[in-house]
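Just below is one structure, and these are the notes that go with it.
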Amino acid sequence: MPLRLIFMGTPDFSVPTLLELVAHGHEIAAVYTRAPKPGGRRGLQLQPTPVEEAARKLGIPVLTPKTLKTPEALEEFRAFDADAAVVVAYGMILPQAILDAPKLGCYNLHASLLPRWRGAAPINRAIMAGDAESGVMVMKMDVGLDTGDVAMAERLPITDTMTARDLHDRLSRLGADLMVRAMAALERGGLQLKTQSEDGVTYAAKIDKAEARIDWSKPARAVLRHIHGLSPFPGAWAELENARVKILHCELAKGAGAPGEVLDDLLTIACGEGAIRIIELQREGKARMQAADFLRGVPLKAGAKFT
């Protein structure tokens with residue numbers, strides 16, 4: 001028999017899992033997501049989350065509580081009489097009473113190879129740290145920060161061409177398939193859990209905009225991974241002729257010079273060791289563009305400098 005589920009998620013990363021669970025016949029009793037926030041061109045119109053938009057198209061009831069810690073919230077949650085809850089980037093802490101409410105527990109899809117990169121920004125941190133691989137894991141939730149027992153995992157190599165958006169999109173699709181398989185195993189009573197190791201624990205702190213400025217004194221590969229780990233948001237940046245420029249995509253290149261120095265007319269930039277070549281960037285207040293288009297409007301000669 002298909003499971004009766006509560007789905008809890010907020011950003012676009014969560015949507016493929018919701019759609020796959022529905023496509024595989026599970027009954028979604030309700031969707032929990034964050035409340036709409038002001039947005040639109042003037043910032044005045046309330047914008048529903050990607051998960052709310054998807055749920056309403058599917059005709060699934062949507063709830064946007066500000067807290068899950070009240071008796072009323074718990075009673076409402078229990079009233080759905082769910083077999084399990086599936087949580088994908090919900091963005092709100094689940095208290096113990098909520099975790100205990102579904103008959104079979106609450107299961108989280110996390111975008112890292114736990115226990116590495118517990119916390120808020122595992123995709124960005126994995127790229128920025130130079131990790132060779134990432135992945136997704138299904139975990140039975142407890143009250144700790146991503147400390148629950150792990151059920152299933154899928155791994156994915158991280159290449160130097162991948163931005164955070166690239167890895168996000170691939171893990172989102174991979175995770176949707178993994179969660180469907182996990183729920184199928186749970187349905188037939190065959191989902192096996194393994195306690196997380198306490199060896200190799202790292203924490204993926206939320207990205208602070210203060211981290212976004214590029215340090216050109218670092219080796220080229222570290223600069224590249226910093227740029228790609230923050231692309232497209234918040235975007236790693238440097239100053240060029242007193243104007244802020246976000247660099248969104250780059251590649252390793254040959255060359256040497258003072259850190260931040262423009263080495264040629266192809267936007268090759270010297271780092272502490274080696275160099276990178278900028279592929280895509282965005283001037284402050286402008287749309288993102290390819291390096292060739294940028295150079296047509298802002299011709300740079302060797303010797304110019306990013307700071």
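All figures in this text were calculated on a predicted structure; none of them were measured in a lab. These values consider heavy atoms only, across backbone and side chains, with no hydrogens, waters or symmetry-generated copies.
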Distance, nearest 0.5 Å, that separates [atom1] of [X] from [atom2] of [Y]:
X    : Y    : atom1 : atom2 : result
L21  : F7   : CG    : CZ    : 6.5 Å
I98  : Q96  : CD1   : CD    : 10.5 Å
E20  : R173 : CD    : CZ    : 11.5 Å
L263 : C271 : CG    : SG    : 9.0 Å
E251 : I278 : CD    : CD1   : 11.0 Å
R155 : L174 : CZ    : CG    : 12.0 Å

Side chain to side chain donor-acceptor pair (under 3.5 Å) evaluation trace for T163 with D166: CA-CA 5 Å; T163 65; D166 297 330; 3.1 Å; yes

Strictly below 4.0 Å, N to O, side chains only: are [X] and [Y] in salt-bridge contact?
X    : Y    : answer
E52  : R56  : yes
R118 : E198 : yes
D81  : R4   : no
R165 : D169 : yes
E211 : R125 : yes

Same cluster (ILVMFWY, side-chain, under 4.5 Å), [X] and [Y]:
X    : Y    : value
V86  : M141 : no
Y107 : L94  : no
L5   : F77  : no
V51  : L63  : no
L230 : L224 : no

I'd like to know if the side chain of [X] reaches the main chain of [Y], judged simply by a donor and an acceptor atom lying under 3.5 Å from each other, with no hydrogens or angles considered.
X    : Y    : answer
T64  : R34  : no
Q282 : K286 : yes
N108 : M139 : no
R225 : I127 : yes
H24  : R181 : no
H26  : L3   : yes
Q196 : G148 : yes
S112 : W117 : yes
N124 : G229 : yes
K246 : P234 : yes

Find out whether [X] and [Y] are in side-chain contact, i.e. whether some heavy atom of one side chain is under 4.5 Å from a heavy atom of the other.
X    : Y    : answer
E53  : P48  : yes
E284 : W237 : no
I60  : V22  : yes
D149 : T195 : yes
L267 : F306 : yes
V150 : L193 : no
L68  : M8   : yes
I123 : F13  : yes

Write down the atom of [X], the atom of [Y], and the distance for their closest heavy-atom approach.
X    : Y    : result
P122 : G119 : CD-O, 3.5 Å
P115 : S197 : CG-O, 3.3 Å
T10  : Y90  : OG1-O, 2.8 Å
A222 : K218 : CB-CB, 4.2 Å
A212 : G235 : CB-O, 3.5 Å
I227 : A236 : CA-CB, 3.9 Å

Checking L300, D265, L266 against L295 for side-chain contact (heavy atoms from CB on, under 4.5 Å), the one that qualifies is L300

How about [atom1] on [X], more than 12 heavy atoms from neighbouring residues, nucleotides or ligands closer than 6.0 Å, or not?
X    : atom1 : value
R213 : CZ    : yes
E273 : CD    : no
L19  : CG    : yes
K69  : NZ    : no

List the steps, then state whether side-chain contact (heavy atoms from CB on, under 4.5 Å) holds for L156 with L167. CA-CA 9 Å; L156 184 70; L167 185 56; 3.7 Å; yes

The test is side-chain contact (heavy atoms from CB on, under 4.5 Å); show your working for V223 and I214 and say whether it passes. CA-CA 7 Å; V223 172; I214 297 167; 3.9 Å; yes

Start with the C-alpha distance between I279 and Q290, add both sets of side-chain angles, then the distance that settles side-chain contact (heavy atoms from CB on, under 4.5 Å), and finish with yes or no. CA-CA 6 Å; I279 297 172; Q290 297 296 306; 3.8 Å; yes

Mind running side-chain contact (heavy atoms from CB on, under 4.5 Å) on K254 and T268 for me, showing each step along the way? CA-CA 8 Å; K254 294 181 179 179; T268 302; over 6 Å; no

Aromatic plane relationship, F80 with Y32 - under 30° parallel, 30 to 60° tilted, over 60° perpendicular: perpendicular

Suppose the criterion is side-chain hydrogen bond (donor to acceptor under 3.5 Å, both in side chains): which pairs have a residue in residues 298-307, not counting sequence neighbours? none

